[in-house]
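Only a predicted model underlies this, so the values are computations on that prediction, with no experimental measurement involved. Numbers restart at 1 for each chain; the letters A, B, ... are given by sequence-line order, proteins then strands.
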Amino acid sequence: MKLSKGFWQTFKETPADAEIPSHKLMIRAGLIYKEAAGLYAYLPMGLRVIHKIENIIREEHNKADCYELAMTVLTPGELWHESGRWDKMEGQMLKIKDRAGRELCVSPTNEESVVDIFRKSINSYKQLPVCLYQINTKFRDEIRPRYGVMRSREFTMKDAYSFHLDKKCLDDGYEKMFHVYSNIWTRMGLKFIVVDADGGAMAFSGAKTQEFQVVAEFGEDKVMKCPECGYAANIEAAEGHRNLDFNTSGDLKLVDTPDKKTIEEVAGFLKVPEHHALKSVVYSSITGTEEEFILAMLLGDDELNEIKLKSYLGCDHLRVATDADFKRLDIPVGFIGPYNLQKGKFNVIYDREINMDAAYVIGGLSKDKHYMGFIPSRDDKNIQTADLRLVYEDDRCAVCKKGTLKEIRGIEVGHIFQLGDKYTKSMNVTVLDKNGKTVNPIMGCYGIGTTRTAAAAIEQNNDKDGIIWPVAIAPYDLHFVVISKNEEFMKMAGEVYGELRKAGLEVVMDDRNVGPGFKFKDADLLGLPLRLTLGERDYSKDQNFEIRDRRTGEVKKMKREKLVQEIKSWLEQKRAEEKKVSKV
RNA sequence: CGGAGCGUAGCGCAGCUUGGUAGCGCAUCUGCUUUGGGAGCAGAGGGUCGUAGGUUCAAAUCCUAUCGCUCCGACCA
C-alpha cells in the first residue's frame with residue numbers, strides 16, 4: 001500500500017473513552033472504528049491483522065483434520081428451545097422476530113446449529129470422531145462492553161465442535177485440540193498460560209475445561225499459578241488452602257454484641273482473630289421456577305466465590321439475598337448464623353476450609369447477639385461441605401500442598417470444553433454403535449476469540465511509541481519510509497517498492513508529502529516488524545538503505561541489491577525468536 | 001440492572017458557577033516556504049452546543065424529561 005493513496009488515518013491524541021493500551025492504540029493506529037458501544041468496524045489496516053490470525057487458526061485446524069463450515073448467524077428459536085437454552089441464555093442473546101412472527105436469534109455461539117447439522121448427516125459410529133469448525137461473527141448482548149474489542153458485543157470467534165463415540169475418544173480429541181491451540185498462539189509469538197476453568201453455562205459442572213490466557217498486565221482475568229508443581233487455574237476455579245491456627249475448645253454461649261454486624265466489628269469487639277469467626281452469606285438459588293435460600297459459611301476473612309457455589313449447586317441463577325428476602329425470612333441482617341436455624345428454610349453449606357472441630361463465633365439469629373464457641377461437628381448435626389472460597393495470593397497450592405499460589409493477569413483468548421452428552425441428549429442425537437445399538441455421541445467444543453486475540457497481542461507487545469507486532473500477525477511486513485521531494489528519487493523508491501512486493505513482501509510505503517518526523521511517528525505507532533528508510537540526505541552520502549527493527553531498535557545499512565534477501569532472512573529470524581516466547 | 005461521571009467542529013478540550021456575539025489546539029482545504037523524529041507563515045471551510053420540552057426580553061449556560069457514551073460490580077471468546 002502506498003500511503004499517499006491508501007485508506008489509513010492515524011490519531012495523535014488518545015480517544016477519551018479508551019482505557020487500556022490495546023484499545024487506545026487500535027484507535028490511534030487506525031485499525032478500528034467505533035460504531036456504538038461495543039460495536040467496532042475493522043478498517044482495512046486492522047482487518048489484515050484479523051485475517052492473519054484467522055489464517056493461522058485455519059491452518060492449524062486443517063492440519064489436525066478439522067473441517068471448516070459456515071453456519072448461519074441468524075438461527076431459529078426452536079433449536080434453542082429444544083436444547084433448553086432459549087431461556088437460560090436470557091439477556092445475553094439478541095432475539096428478534098421475522099415478519100411472520102417466527103423467533104430467531106443472532107447466534108452467541110453455535111452448539112445447537114452444529115448438533116442439528118450433525119444429526120441430519122451422521123448415523124454411524126464409523127463416521128466418528130469428527131470435528132467441525134467455523135470462523136464467524138457472534139453477537140452477545142454484553143451487560144457491559146468495554147476495553148474496545150476486548151469485550152465487545154459483536155466479535156468474531158472461531159468455534160469448533162467435536163463428536164465422539166466414547167469418553168476415551170473424547171479425551172483423545174480434547175488432547176489434540178489442546179495442541180492445536182498451543183500451536184496457534186505459539187506461532188503468533190504470544191506468551192500464554194493454560195489454566196483450569198469453570199464451565200459456566202456451556203457445560204455440565206465438573207466437565208474438563210481449560211482456558212488459554214494471554215498474559216497481560218491489564219487482563220480482565222485473574223489466574224493463580226503454583227510455581228512448585230505448575231498447577232494453574234482461573235481464580236474462578238482455583239483451589240488453595242490456608243495455614244491457620246484454631247481454637248479447638250470452648251462452650252457454646254450467647255453473648256451481647258451491640259450494633260456489631262460485620263466480622264471486623266464482631267471479631268474486634270470479642271477480641272478474637274477474624275478467622276475464628278464464621279461469615280454467613282445468604283444467597284438465593286434459582287432453577288427453573290424453584291427458588292431456594294442458601295446459607296454459605298466461610299471463615300471470617302474469606303470471600304465467597306460465587307462461581308464455585310453456583311457450579312456446586314448446579315442452579316440456573318444465583319443472586320445475593322436482598323433486604324426484602326431478609327424481611328421475608330424474618331432474620332436480622334448482621335446476626336445470621338447456622339445454629340438453631342429453622343430447618344427447611346436454608347440449605348446450609350460450610351466451606352471446606354473451616355475446621356469442623358474448632359470453635360467459632362457465629363451470628364446469634366437475634367439482634368445484637370452472637371454465639372461464641374460454636375463447634376460445627378458438635379453443634380450442627382447436618383454438615384455439608386464444599387469448596388466455596390475465593391483463593392488469595394500466597395495460599396498453599398491444593399495440588400502439591402507445598403508451593404504458594406501466585407497471581408497472574410491474563411486475557412482469555414481460548415477455551416476448550418468437554419461437553420459430554422449435554423446437547424446430544426437434550427436434542428436427541430443418536431448414532432448406531434458396533435452392536436447396532438442406539439447411543440448418544442459425546443461432544444467437545446473449542447473457542448477462540450479472534451478479534452480479542454488481536455487486542456491481546458497488542459497488550460503484550462507495545463511501548464510508549466505504539467504497537468510492536470509479532471511478525472506472524474502484523475498487518476504488513478515492512479514500513480518503507482521515503483524522505484525526499486525529488487522526483488527522480490521518488491521514482492527510484494517506487495521501483496524498490498515494486499521489487500520488494502514482487503519478492504512477496506507486504507509493504508506499506510510512506511510516500512506522503514509530510515515531514516520525516518511525522519512518518520517515523522506513524523511507523524512506530526503502527527508497529528510493523530521492520531522499517532526500511534530511504535532518505536535523500538543519507539543515500540546521497542553512501543547509497544545505503546537503512547533497516548530498523550521495531551522491537552529492538554537494531555539498525556542495519558545496506559545496498560539496494562541486498563535488500564530483499566536481508567529483509568526476508570531478518571523476518572524469518574524474528575519469527576523464529578517470537579515462537580520461543582510461547583507458554584509459561 | 002445497581003453506583004459514579006460525561007455529551008460543545010473529525011479528534012482532544014475550554015466556556016456553564018454568576019444567562020447577553022460559540023472559542024482554543026490538532027486534523028482538513030488553498031498558496032508559498034520546508035524534508036532524518038508529529039515543520040513555518042498567510043488564508044479558508046466546518047458546530048440546530050446530544051434531543052425534546054420549560055423558565056426568561058434573552059439559554060451551550062437554569063429546570064424537567066429523554067437518548068447516547070464512559071467508569072466501578074454480576075456475564076464471557
Side-chain angles (χ1 to χ4, degrees), chain A residues 9-20 23 27-28 30 33-39 53 57 88-93 108-110 135-160 181 197-202 211-214 220-221 234 236 306-307 310 317-320 322 410-417 445-456 465-466 481-486 489-490 510 512-525 531 533-539 541 546 548 555:
Chain A
Q9 170 78 11
T10 56
F11 301 90
K12 197 168 170 179
E13 303 200 60
T14 304
D17 57 11
E19 286 287 310
I20 60 169
H23 187 194
I27 300 273
R28 284 192 55 212
Y33 170 75
K34 181 162 122 182
E35 206 71 65
L39 297 175
I53 291 171
I57 292 171
K88 235 178 181 171
M89 300 281 278
E90 187 66 51
Q92 263 213 76
M93 213 153 72
T109 172
N110 279 92
I135 302 174
N136 75 357
T137 299
K138 302 287 185 297
F139 187 93
R140 291 188 191 171
D141 202 358
E142 289 286 343
I143 301 161
R144 185 149 98 84
R146 69 185 131 171
Y147 298 153
V149 300
M150 195 84 88
R151 175 170 303 282
S152 52
R153 293 190 291 169
E154 185 180 302
F155 57 99
T156 59
M157 180 172 117
K158 185 284 310 183
D159 43 327
Y181 272 44
D198 176 81
M202 303 294 285
E211 291 168 350
F212 287 72
Q213 297 263 356
V214 165
E220 281 193 286
D221 288 11
N234 191 308
E236 295 172 350
E306 287 187 23
I307 299 187
K310 188 172 174 222
H317 302 284
L318 195 65
R319 63 168 177 83
V320 188
T322 59
I411 299 162
E412 184 191 353
V413 289
H415 202 153
I416 56 180
F417 296 88
C445 85
Y446 319 88
I448 293 179
T450 55
T451 41
R452 184 183 279 185
T453 295
D465 295 316
V481 173
V482 185
I483 308 163
S484 171
K485 283 189 103 174
N486 180 319
F489 204 80
M490 290 307 286
D510 197 344
R512 293 174 296 181
N513 184 21
V514 294
F518 195 95
K519 295 182 180 183
F520 290 138
K521 287 286 182 192
D522 262 357
D524 286 345
L525 178 60
R531 185 182 81 198
T533 308
L534 174 60
E536 203 177 339
R537 186 196 74 186
D538 288 8
Y539 185 82
K541 283 185 214 151
E546 177 190 293
R548 185 171 193 273
V555 170

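- A donor-acceptor contact under 3.5 Å links the side chain of A:R452 to the base of B:rC76.
- Taking atom CG of residue A:D159 and atom P of nucleotide B:rC76, one finds them 16 Å apart after rounding to whole Å.
- At least one side-chain heavy atom of A:F155 sits less than 4.5 Å from a side-chain heavy atom of A:M157.
- With respect to A:E19 and A:R146, no salt bridge is recorded, no charged nitrogen being found less than 4.0 Å from a carboxylate O.
- If you take CD1 of A:I448 and P of B:rA77, they are 12 Å apart, rounded to a whole angstrom.
- Residue whose closest nucleotide on RNA chain B sits further toward the 5' end, between A:R151 and A:E19: A:E19.
- Here A:G449 lies in heavy-atom contact (under 4.0 Å) with a base.
- In this structure, the CZ atom of A:R140 is 18 Å from the P atom of B:rA74, given to the nearest Å.
- For B:rU61 and B:rU51, the P atoms lie 11 Å apart once the distance is rounded to whole Å.
- For the pair A:I143 CD1 and B:rC72 C1', the computed distance is 14 Å after rounding to whole Å.
- Among the protein residues, A:R28 comes within range of the nucleic acid bases, having at least one heavy atom under 4.0 Å from a base atom.
- Atom CG of A:D17 is separated from atom P of B:rG5 by 19 Å (rounded to the nearest Å).
- The side chain of A:E412 has B:rA77 as its nearest neighbour among B:rG25, B:rA77, B:rG36.
- Rounded to a whole Å, the NZ atom of A:K521 is 10 Å from the P atom of B:rG37.
- Protein atom OH of A:Y147 is 18 Å distant from nucleotide atom P of B:rC76, rounded to whole Å.
- Using C1' as the reference atom, B:rC29 and B:rG45 are 7 Å apart when rounded to the nearest Å.
- Within the 4.0 angstrom heavy-atom criterion, base atoms lie near A:V514.
- Remark: A:D17 engages A:K34 in a salt bridge, criterion side-chain N to carboxylate O under 4.0 Å.
- Residues A:K519 and A:V514 come closest through the heavy atom pair CE-O, 3.6 Å.
- Taking the P atom of each, B:rG54 and B:rA22 are spaced 22 Å apart, rounded to whole Å.
- Contacts of A:T137 with the nucleic acid, taken as non-hydrogen atoms under 4.0 Å apart, are absent.
- Using atom C1' as the reference point in both B:rU35 and B:rC72, the two lie 48 Å apart (nearest Å).
- Along RNA chain B, the nucleotide nearest A:G38 and the nucleotide nearest A:G414 are compared for position; the residue whose nucleotide lies closer to the 5' end is A:G38.
- Remark: A:R144 is in phosphate contact with B:rC72, judged by side-chain N or O atoms under 4.0 Å from OP1 or OP2.
- Between the side chains of A:T156 and A:T137, no donor N or O sits under 3.5 Å from an acceptor N or O.
- Taking every side-chain heavy atom of A:R146 into account, B:rC71 is the closest of B:rA77, B:rG38, B:rC71.
- Salt bridge A:R151/A:E142: present, at least one basic N to carboxylate O contact under 4.0 Å.
- Counting distance only, with no hydrogens placed and no angle test, the side-chain atoms of A:Q9 and the base atoms of B:rG10 include no donor-acceptor pair under 3.5 Å.
- Looking at heavy-atom distances under 4.0 Å, A:Q213 makes no contact with the nucleic acid at all.
- For A:R548, whose side chain is taken as the heavy atoms from C-beta onward, the closest listed nucleotide among B:rC72, B:rG37, B:rA77 is B:rG37.
- B:rC1 is paired with B:rG73 under the criterion used here, namely a Watson-Crick or G-U wobble arrangement in which both key atom distances are under 3.5 Å.
- As rounded to the nearest Å, B:rG19 and B:rC57 have C1' atoms that lie 12 Å from one another.
- Pair assignment for B:rA60: none, as no Watson-Crick or G-U wobble contacts are both less than 3.5 Å.
- When the side-chain nitrogen and oxygen atoms of A:R319 are compared with OP1 and OP2 of B:rC75, none of them lie within a distance under 4.0 Å.
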Next on the checklist: Assess the residue pair A:I20 and A:H23 against the criterion (side-chain contact (heavy atoms from CB on, under 4.5 Å)); give the C-alpha distance rounded to whole Å, side-chain angles, the decisive distance to 0.1 Å, and a yes or no.
Outcome noted: CA-CA 6 Å; A:I20 60 169; A:H23 187 194; 4.0 Å; yes

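- Using a 4.0 Å heavy-atom criterion, one finds that A:T14 contacts the sugar-phosphate atoms exclusively.
- Closest contact between the side chain of A:H415 and the listed nucleotides B:rC71, B:rG36, B:rA77 involves B:rA77.
- Among the protein residues, A:D221 comes within range of the nucleic acid bases, having at least one heavy atom under 4.0 Å from a base atom.
- The separation of B:rC63 from B:rU56, taken at their C1' atoms, amounts to 12 Å, rounded to a whole angstrom.
- Here A:F155 counts as stacked on B:rA77: its ring centre is under 5.5 angstrom from the base ring centre and the planes meet at under 30°.
- Side-chain atoms of A:E306 stay outside donor-acceptor range of the base of B:rG73, with no qualifying N/O pair under 3.5 Å.
- Separation of the C1' atoms belonging to B:rU18 and B:rC32 is 47 Å when rounded to the nearest angstrom.
- Within the 4.5 Å cutoff, the side chain of A:D141 has no heavy atoms near those of the A:M93 side chain.
- Counting non-hydrogen atoms under 4.0 angstrom, A:F212 reaches nothing in the nucleic acid.
- Closest approach of A:M150 to A:A455, counting heavy atoms only: SD-CB, 4.0 Å.
- Look at A:K34 and you'll find a side-chain N or O under 4.0 angstrom from OP1 or OP2 of B:rU70.
- With distances taken from any side-chain atom of A:I307 to the nucleotides B:rG12, B:rC75, B:rA77, the minimum falls on B:rC75.
- Across all strands shown, the partner of B:rA39 is B:rU33, judged by Watson-Crick or G-U wobble contacts whose two distances both fall under 3.5 Å.
- Between B:rC11 and A:Y33, no contact under 4.0 Å exists linking OP1 or OP2 to a side-chain N or O.
- Taking the P atom of each, B:rG2 and B:rA65 are spaced 15 Å apart, rounded to whole Å.
- At a threshold of 4.0 angstrom between heavy atoms, the contacts of A:R512 with the nucleic acid are absent.
- Between A:P145 and A:G38 the shortest heavy-atom distance is CB-CA, 3.7 Å.
- Across the strands present, B:rU17 finds no partner; the criterion is a Watson-Crick or G-U wobble pair with both atom distances under 3.5 angstrom.
- Summarising the geometry, the separation between CD on A:E220 and C1' on B:rC75 is reported as 10 Å, rounded to the nearest angstrom.
- Comparing B:rA77, B:rG37, B:rC13 by their nearest atom to the side chain of A:D524 picks out B:rG37.
- Residue-level contact check: A:N513 touches the bases, meaning some heavy atom is under 4.0 Å from a base atom.
- Pair check for B:rG10 finds B:rC26; Watson-Crick or G-U wobble, both atom distances under 3.5 Å.
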